[in-house]
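Heavy atoms only: backbone and side chains are in, while hydrogens, waters and symmetry mates are out. In this text the structure is predicted, and so the values were computed from the model without any measurement.
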Amino acid sequence: MRPEVVSVGPSASMEIVGEEIVDPPRPSPPSSSSTPPTPTTFILETEPQPQQQHQTSGFFARIRSSVMESLEKRKLGGVRVEYTEIPSSELEHEEQGVETVNGEPASCSKCGQPSSRHGRGGQRKKGLWKSWGLQLRVTVLGVGLLALILLLNLLSAIKDSLIGARHNDYDPFVNWGQPNTGTEDLSWYPTDFLRDVIPLPCHSHNDYWRRVPLFDALYAGCTGVEADVWLFNNDLLVGHDLASLQVNRTFQSLYVNPIVDILEKQNPKTPYYNGTLNGVFDVDPAQTLVLLIDLKTSGHETWPHVLRQLDPLRERGWLSFYEDGEFRSRPVTVVGTGNTPFDLILTPPYPTTTTTTAKYSNLTSPPDRDAFFDAPLDKLLPDSPYNSSNSYYASVSFFRSIGITQWWKGGEPTAGQLAKIRGHLAAAKERGLVSRYWELPAWPIHVRNKIWEVLVGEGMGMLNVDDLKGATSEDWRRIRTWRRILRLF
């Protein structure tokens, strides 16, 4: 009787071949119709394992041990396992690949012997190459990502060094006034509080929303701030709407009094200095700070209260004014918008006092005005009454006057929109007014940045911003200049 041949788990250098090694069959229950069970034979052959010729001998030993343990656990009766070593020359068959002739394995090109083992060595080699290829790709990918990160960090450092971006989270006053610091009895704001801040033509829109109103904008370098004021119980409250009003957040507490304190520190009375015209910025003491006051309640009722609450600045001669056909800049320039009535700008409702007059040099009477109007930028027609004698800003909603830009094309204005923008800016410049758009696109960010770039490049007088860090961390003129240069190539 011919024994049954059973294969046991294929491996890279091991196989079971059908040699006739017969074990006694297992006993079975007697049966008249049954035949004796066929004995089962397992024969494993492995490669000879010289000590130094092949470094993978330990691998075959582990395979052999694993098979033995598996057979032992399964307790196969009537099974005999024999091992025969395959000469190393026969393993060379496996490197040749399988070739068949009429369905039968062809002879080896080296030894001429047929072998059913042909091809497995090639598969083993192929699998090895696959493993090494995967590792190589992973390594290349990792090195590429690392190089990209290093390149981005290098470009960011170059950008900061070239543009001179000022954006960090360092708070210079974190320990000011704390015990054992030597500052317990010193003023909160030293005279050099803005010593390294470069003033920029940006307007802090809805400034009262900042974590620290006024000071956040000044520290970012903005030369304009905005306060929405409401008249209640003969006092001016600051807030965006009625729900946000609080009795302690007033026009004087958030803006007038802090500005007075800063300017007093900037203009100290010492044996070395007795001036009054230093502004809030040490880098440019002549730079004026625009205080835009947006009236939310009745203009004719609210504006007189605004002028009265500006007296601390007026009495010290710190308000810009117009007199004898000339605009004279001072540390603070007041501009009325919202419900501010134009007729009260032309005829200020404040009384003539010798104190007020004495603070303005070479004037025998109060100036024509020390507060100015926010003229409509889209209505600066040839016969319009708005000019530098009564107005300072010229503003309009970007959304209503220009419209929605092509956000699907990166925010670039159309030719018609760009022509309208240029017309607005030219009209304001002709009248000596500072142009400003409010209600600019805020999102997507790339559209907002594109609009900023276009407006600054076209000569916008004051950039209206909500994101102080985003607006003051880039040199928008330089970016536009570089893009124009690149277009030439």
Side-chain angles (χ1 to χ4, degrees), residues 173 187-189 193-194 197 199 202-241 244-267 276 278-281 287-297 299 302-321 329-340 345 348 350 370-374 392-393 395 434 436 438 462 464-466 468:
F173 310 116
S187 174
W188 176 253
Y189 292 108
F193 133 79
L194 293 176
V197 176
C202 64
H203 174 85
S204 177
H205 180 237
N206 292 338
D207 181 76
Y208 45 84
W209 273 347
R210 311 289 176 199
R211 184 174 64 92
V212 183
L214 177 64
F215 293 103
D216 277 356
L218 294 180
Y219 192 63
C222 285
T223 53
V225 295
E226 177 180 337
D228 293 357
V229 299
W230 308 70
L231 178 62
F232 284 101
N233 300 323
N234 293 322
D235 199 2
L236 299 176
L237 306 182
V238 175
H240 193 67
D241 49 31
S244 64
L245 301 181
Q246 296 179 347
V247 294
N248 62 328
R249 293 176 63 86
T250 66
F251 179 56
Q252 282 194 318
S253 66
L254 292 182
Y255 292 96
V256 176
N257 294 340
I259 292 175
V260 169
D261 291 342
I262 294 173
L263 292 177
E264 284 183 343
K265 302 302 186 298
Q266 296 295 99
N267 296 278
T276 61
N278 278 346
V280 297
F281 296 99
Q287 173 63 54
T288 189
L289 172 67
V290 180
L291 178 57
L292 182 67
I293 304 170
D294 189 349
L295 301 192
K296 296 299 184 181
T297 48
T302 308
W303 189 246
H305 287 79
V306 171
L307 294 179
R308 281 196 292 270
Q309 293 200 8
L310 290 171
D311 275 345
L313 294 168
R314 181 180 295 111
E315 293 172 355
R316 292 167 173 80
W318 287 336
L319 295 181
S320 299
F321 62 94
S329 180
R330 292 294 184 267
V332 179
T333 300
V334 175
V335 180
T337 190
N339 291 333
T340 301
I345 294 291
Y350 53 73
D370 56 11
F372 299 86
F373 194 62
D374 184 14
Y392 187 85
Y393 272 165
S395 308
V434 178
R436 180 181 71 99
W438 51 276
M462 187 74 82
N464 195 83
V465 300
D466 293 293
L468 296 179

Atom of [X], atom of [Y] and distance for their closest heavy-atom approach:
X: Ser320; Y: Thr333; result: OG-OG1, 2.7 Å
X: Val197; Y: Pro199; result: O-CD, 3.5 Å
X: Ala371; Y: Trp303; result: CB-CZ2, 3.6 Å
X: Val256; Y: Pro312; result: CG1-CG, 4.2 Å
X: Val465; Y: Arg210; result: O-NH2, 3.5 Å

Discussion item. Aromatic contact between Tyr393 and His203, with the criterion being ring centroids under 6.0 Å apart: yes or no?
Written reply: yes
Return the [atom1] to [atom2] distance between [X] and [Y], rounded to the nearest 0.5 Å.
X: Gln309; Y: Arg314; atom1: CD; atom2: CZ; result: 11.0 Å
X: Leu254; Y: Ile259; atom1: CG; atom2: CD1; result: 10.5 Å
X: Glu226; Y: Tyr255; atom1: CD; atom2: OH; result: 8.5 Å
X: Trp318; Y: Leu289; atom1: CH2; atom2: CG; result: 13.0 Å
X: Arg316; Y: Asn267; atom1: CZ; atom2: CG; result: 11.0 Å
X: Cys202; Y: Leu468; atom1: SG; atom2: CG; result: 7.0 Å

Non-hydrogen side-chain atoms of [X] and [Y] separated by less than 4.5 Å:
X: Leu291; Y: Val225; answer: yes
X: Ile262; Y: Phe215; answer: yes
X: Leu214; Y: Asp207; answer: yes
X: Thr340; Y: Ile293; answer: no
X: His305; Y: Asn234; answer: yes
X: Arg330; Y: Thr276; answer: no
X: Phe372; Y: Val290; answer: no
X: Phe281; Y: Leu218; answer: yes

Worksheet entry | Asp235/Gln252 under side-chain contact (heavy atoms from CB on, under 4.5 Å): CA gap, chis, key distance, verdict | CA-CA 9 Å; Asp235 199 2; Gln252 282 194 318; 5.6 Å; no
Item to complete: Test Thr250 against Phe232 for side-chain contact (heavy atoms from CB on, under 4.5 Å), laying out the working first.
Response: CA-CA 10 Å; Thr250 66; Phe232 284 101; over 6 Å; no
Check: [Y] main-chain N/O paired with [X] side-chain donor or acceptor under 3.5 Å:
X: Ser253; Y: Asn248; answer: yes
X: Thr297; Y: Leu231; answer: yes
X: Trp438; Y: Asn464; answer: no
X: Arg436; Y: Asp374; answer: no
X: Asp241; Y: Ser244; answer: yes
X: Asn278; Y: Gln266; answer: yes

Practice prompt. I would like to know whether Thr288 and Tyr392 meet side-chain contact (heavy atoms from CB on, under 4.5 Å); could you show each step before the answer?
Written response: CA-CA 12 Å; Thr288 189; Tyr392 187 85; 3.9 Å; yes
Item to complete: Any chance you could lay out the side-chain contact (heavy atoms from CB on, under 4.5 Å) test for Leu236 and Thr302, step after step, and finish with the verdict?
Response: CA-CA 8 Å; Leu236 299 176; Thr302 308; 3.7 Å; yes
Worksheet item: Do the ring planes of Trp209 and His240 sit parallel (below 30°), tilted (30 to 60°) or perpendicular (above 60°)?
Response: tilted
